[in-house]
Novice: 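Structure in structure tokens, see below.
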Amino acid sequence: MPIVNADVAAVFDEIADLLEVQDANVFRVRAYRNASRMLSELGRDVKTMVERGEDLDALPGIGPDLAGRITEIVGTGRCALLDDLRKQVPPAVTGLLKVPGLGPRRVAALHHALGVRTLPQLLRAARQGRVRAVLGFGPKTEAHIVDAVTARLQTERRVRLSVADQVAQALLAELKAIPGVQQAVAAGSLRRCRDTVGDIDLLATVDSAAARGPVMERFTGGRGVKRVLMHGATRSSIVLDSGLQVDLRVVPPASFGAAWLYFTGSKAHNIALRRLAQEQGFKLNEYGVYQGARRLAGGTEASVYGALGLPFIAPELREDRGEIDAARAGTLPALVERADLRGDLHAHSRDSDGHDSLEAMAEAARQQGLAYLAITDHSKRLGIAHGLDADRLARQIDRIDALNARLHGIVLLKGVEVDILEDGRLDLPDELLGRLDLVVGAVHHRFDLPRAAQTTRLQRAMDHPHFSILAHPTCRLIGERPAMDVDLPAVIQHARQRGCFLELNAHPARLDLDDQACRLAQGEGVLVSIASDAHSALELDGLRFGIGQARRGWLSTHDVLNTRPLSALRTLLGRTMGRPASRVGAVRERMTRTVHRALPNNP
DNA sequence: GCCGTTTTCGGCCCGACTGTTTTCAGTCG
């Protein structure tokens, strides 16, 4: 197995864990954590950088020491420092850090005093009353450990964005109904539109300090609250019956902006901002920007950024991935918004596995403010979805033509979500695909091909002269199925060469392309189709989740295919659909020969 | 362990809450 960035990041994370338990210098630990995060978010392959002899020191947070470790890991697959640390501390001990409330100090204390290494051992010790005997521990901590370990063994951690969104909206409605509450908003990773959410962060302002107490009482004593983790004057945490954790912070209105900024994060963005404030002689906290005791800003987020000499930075960008430098330089992108979408290029009807008729889908799209909607039902290989064969698709084409003659304010585009077969061929005859407005291709089986074969499979599909858009390119299902092992940069480059497009599937279970991949596509100049993959009229609303992900990927209106008016869209699709036959044929021949050689299981 | 138009050494974000203390360390976000 080749070493990828995530492998190096995992090594650095484990080193950080082990160093922490050994009570190492916190800044040394932080250096490993920062490097781990940087590597997992880096758009370039660090192994390739090493092989090309590029200067690793140029990467942020990488100095001579870490550069040497990266080179070692990439070259040998091992890390001597990690091996040493594992000899000094049983590696399993770092698993105890996952227990809420147990940090490095306490884990080390428990390990040394009781010899516990694993969660079951810790649970046994706590139940036997041995934990409270350790210096610094008492009966409450001991009981908490029993609860936390038991819960940890049976709960899952992160939920999909759409789930968190529903819960948060319901809680916010309740909060706003409490007397004294002025504003109540969502913050945290939910507001940043991350694809999954670990806990829900809410922020409220109250009209007087006296109102805080009752608000916190109502929050921690509400229906559906399984446990109260923390109950303070300005901050409380609860666990809902569903297992979701919710944090509420209450601040005065004058601090609303600073608090929203702080509570939205990300942590890395906050740290970078606070350093920036420090450099300018200010102090930034959740109450405002201060110069000495004087508050310079805090009522709105824009005022806080302004006091630091920055324009407003959209929540989706706040990951410390270059947004602060871009803000200073005045080069922040004008991010795409839901209202910019003119159409949707991936939706199903009841002709395959959708719930609604062509007419109902068209009407729903019109009500969503869209000017066009592509009907892309499945092809025949996907029998479970009642996929269309050539005859049924031909009849659907005729029906859509007839329907368009009657529709007003919306145009249905004739498409298909055709299966990409294992060898890269498409699941329907060329002649029929040629009659469509667009061909959306997708993988629905054999997710497990080796990386090279999977990559070639996608590239070969794109070589088809009628191919328009690669749907859900990695086929991940959040929390259920990992992304396929595929060379995404190579696929994106191939799309650019072929004039094809990549989809950002907006379904909250997919969000595929993800944010990082969007940035890669943008970098290659490949337009992205933000598509709902709706299987019912209601699901067209899911486009907003795709917008959030696209914004996290720094995409502007210009980077998105379906922000184009219909005429411009047809022109762009025409580059793939209507190429002059001779030239396309020649290119295709060449590509196909290359691909055939590369595919191991091809004759 | 990294980093630098104040620094190659001395910094490294900042505050709330809890539990176990008798003034604070540890943890978390």
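So you know, we letter chains A, B, ... as the sequences are listed, proteins then strands, and number each from 1. Keep in mind that what you see is a predicted model, and the values were worked out from it rather than measured.
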Novice: Within the structure, does a side-chain N or O atom of A:Arg275 lie under 4.0 Å from either OP1 or OP2 of B:dC14?
Specialist: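 For A:Arg275, the contact criterion (side-chain N or O under 4.0 Å from OP1 or OP2 of B:dC14) is not met.
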Novice: On a whole-Å scale, what distance lies between the C1' atoms belonging to B:dC3 and B:dT8?
Specialist: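 It comes out at 10 Å once rounded to the nearest Å.
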Novice: Between B:dA16 and B:dT7, how far apart are the P atoms? Round to whole Å, please.
Specialist: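 Looking at atom P only, B:dT7 and B:dA16 are 34 Å apart.
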Novice: Using the P atoms only, state how far B:dG1 lies from B:dT6, rounded to an integer number of Å.
Specialist: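 Looking at atom P only, B:dT6 and B:dG1 are 28 Å apart.
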Novice: Tell me: CZ of A:Arg69 to C1' of B:dC2, nearest whole Å?
Specialist: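 Answer to the nearest Å: 14 Å.
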Novice: At under 4.0 Å between heavy atoms, what does A:Asn25 touch on the DNA or RNA strands: base, sugar-phosphate, or nothing?
Specialist: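 A:Asn25: base contact, heavy atoms under 4.0 Å.
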Novice: Would you mind classifying the nucleic acid contact of A:Ile271 as base, sugar-phosphate or nothing, using non-hydrogen atoms under 4.0 angstrom?
Specialist: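 The answer is base, as A:Ile271 lies within the cut-off (heavy atoms under 4.0 Å) of a base atom.
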Novice: May I ask you to say what A:Ala277 touches in the nucleic acid, namely base, sugar-phosphate or nothing, with a heavy-atom cut-off under 4.0 Å?
Specialist: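 Nothing, no heavy atom under 4.0 Å.
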Novice: Once each nucleotide of nucleotides 18-29 of chain B is scored for protein heavy atoms under 4.0 Å, what B/S/- sequence comes out, 5' to 3'?
Specialist: SSS-----SSSB
Novice: Round to the nearest Å and state the distance from A:Met38 atom CE to B:dC3 atom C1'.
Specialist: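 The answer, rounded to whole Å, is 14 Å.
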Novice: Kindly determine whether A:Asp485 and A:Arg451 satisfy salt bridge (charged side-chain N to carboxylate O under 4.0 Å, His left out), including the steps that lead there.
Specialist: CA-CA 5 Å; A:Asp485 189 11; A:Arg451 184 181 180 88; 2.8 Å; yes
Novice: Side chain of A:Asp65, heavy atoms from C-beta onward: which of B:dG15, B:dC2, B:dC13 has the nearest atom to it?
Specialist: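 The answer is B:dC2.
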Novice: Under 3.5 Å, is there a donor on one side chain and an acceptor on the other for A:Arg69 and A:Tyr32?
Specialist: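 There is such a pair (donor and acceptor under 3.5 Å, judged by atom type) between the side chains of A:Arg69 and A:Tyr32.
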Novice: Just one of A:Glu316, A:Glu323, A:Glu319 clears the salt bridge (Lys or Arg N to Asp or Glu O under 4.0 Å) bar with A:Arg192, so which one?
Specialist: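 Exactly one option meets the salt bridge (Lys or Arg N to Asp or Glu O under 4.0 Å) with A:Arg192, and it is A:Glu319.
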Novice: A cation-pi test, strictly: NZ or CZ of A:Arg191 under 6.0 Å from the centre of the six-membered ring of A:Trp260 and no more than 45 degrees from its axis. Yes or no?
Specialist: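 Yes, a cation-pi geometry holds between A:Arg191 and A:Trp260.
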Novice: A:Arg28 or A:Glu279: which one's nearest nucleotide on DNA chain B is closer to the 5' end?
Specialist: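 Here A:Arg28 is the residue nearer the 5' end.
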Novice: Taking CZ from A:Arg249 and P from B:dG15, how many angstroms apart are they, rounded to a whole number?
Specialist: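 For the pair A:Arg249 CZ and B:dG15 P, the rounded distance is 11 Å.
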Novice: With a cut-off of less than 4.0 Å, is there a side-chain N or O of A:Tyr290 near OP1 or OP2 of B:dC13?
Specialist: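 Negative; the distance criterion is not met.
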Novice: Test A:Glu20 against every option in A:Arg28, A:Arg30, A:Arg33 by the salt bridge (Lys or Arg N to Asp or Glu O under 4.0 Å) rule and name the one that passes.
Specialist: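 In the set A:Arg28, A:Arg30, A:Arg33, the residue that makes a salt bridge (Lys or Arg N to Asp or Glu O under 4.0 Å) with A:Glu20 is A:Arg33.
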Novice: Using the C1' atom as the point on both nucleotides, what is the distance between B:dT21 and B:dC17, in whole Å?
Specialist: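 Their C1' atoms lie roughly 15 Å apart.
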Novice: Rounding to the closest angstrom, what is the interatomic distance between B:dC13 and B:dG29 at atom C1'?
Specialist: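 Going atom to atom, C1' in each nucleotide, I get 12 Å.
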Novice: Counting any heavy atom closer than 4.0 Å, what does A:Asn270 reach on the DNA or RNA strands: base, sugar-phosphate only, or nothing?
Specialist: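 The residue A:Asn270 makes no contact with any strand.
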Novice: Whole angstrom is fine here: how far is it from CG in A:Leu308 over to P in B:dC13?
Specialist: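 That distance rounds to 15 Å.
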Novice: Should the pair A:Arg295 and A:Tyr287 be classed as cation-pi, given the thresholds of under 6.0 Å to the six-membered ring centre and 45° from the axis?
Specialist: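 That pair does not qualify as a cation-pi contact.
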Novice: May I ask you to say whether A:Glu41 pairs ionically with A:Arg519, meaning some side-chain N is under 4.0 Å from a carboxylate O?
Specialist: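 Salt bridge between A:Glu41 and A:Arg519, a charged N being under 4.0 Å from a carboxylate O: no.
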Novice: Describe the nucleic acid contact of A:Arg132 in one word from base, sugar-phosphate, nothing, applying a heavy-atom distance below 4.0 Å.
Specialist: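 Here A:Arg132 touches no strand at all.
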Novice: Please state whether the phosphate of B:dC17, meaning OP1 or OP2, lies under 4.0 angstrom from any side-chain nitrogen or oxygen of A:Thr234.
Specialist: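 Affirmative; the distance criterion is met.
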Novice: Can you tell whether the side chains of A:Arg78 and A:Glu72 come within less than 4.0 Å, N to carboxylate O?
Specialist: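 No, A:Arg78 and A:Glu72 are not salt-bridged.
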Novice: How long is the straight-line distance from CD1 of A:Ile547 back to CG of A:Leu335, given to the nearest 0.5 Å?
Specialist: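 A:Leu335 atom CG to A:Ile547 atom CD1 measures 10.0 Å (nearest 0.5 Å).
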Novice: Tell me the interatomic distance from A:Asp57, atom CG, to B:dG1, atom C1', rounded to whole angstroms.
Specialist: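 In whole Å, B:dG1 C1' lies 12 Å from A:Asp57 CG.
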Novice: B:dT27 and B:dT20: how far apart are their C1' atoms, nearest whole angstrom?
Specialist: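 The answer is 14 Å between these two C1' atoms.
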Novice: Find the distance A:Leu66:CG to B:dC3:C1' and express it as a whole number of Å.
Specialist: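 A:Leu66 atom CG is separated from B:dC3 atom C1' by 13 Å.
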Novice: Separation of A:Ile324 atom CD1 from B:dC13 atom C1', in whole Å?
Specialist: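 My rounded result for the distance is 12 Å.
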Novice: For B:dG11, does OP1 or OP2 lie under 4.0 Å from any side-chain N or O of A:Gln278?
Specialist: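 No, outside the criterion.
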Novice: Hey, which sits more toward the 5' end of DNA chain B by its nearest nucleotide, A:Gly61 or A:Lys283?
Specialist: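 Comparing both residues, the 5'-ward one is A:Gly61.
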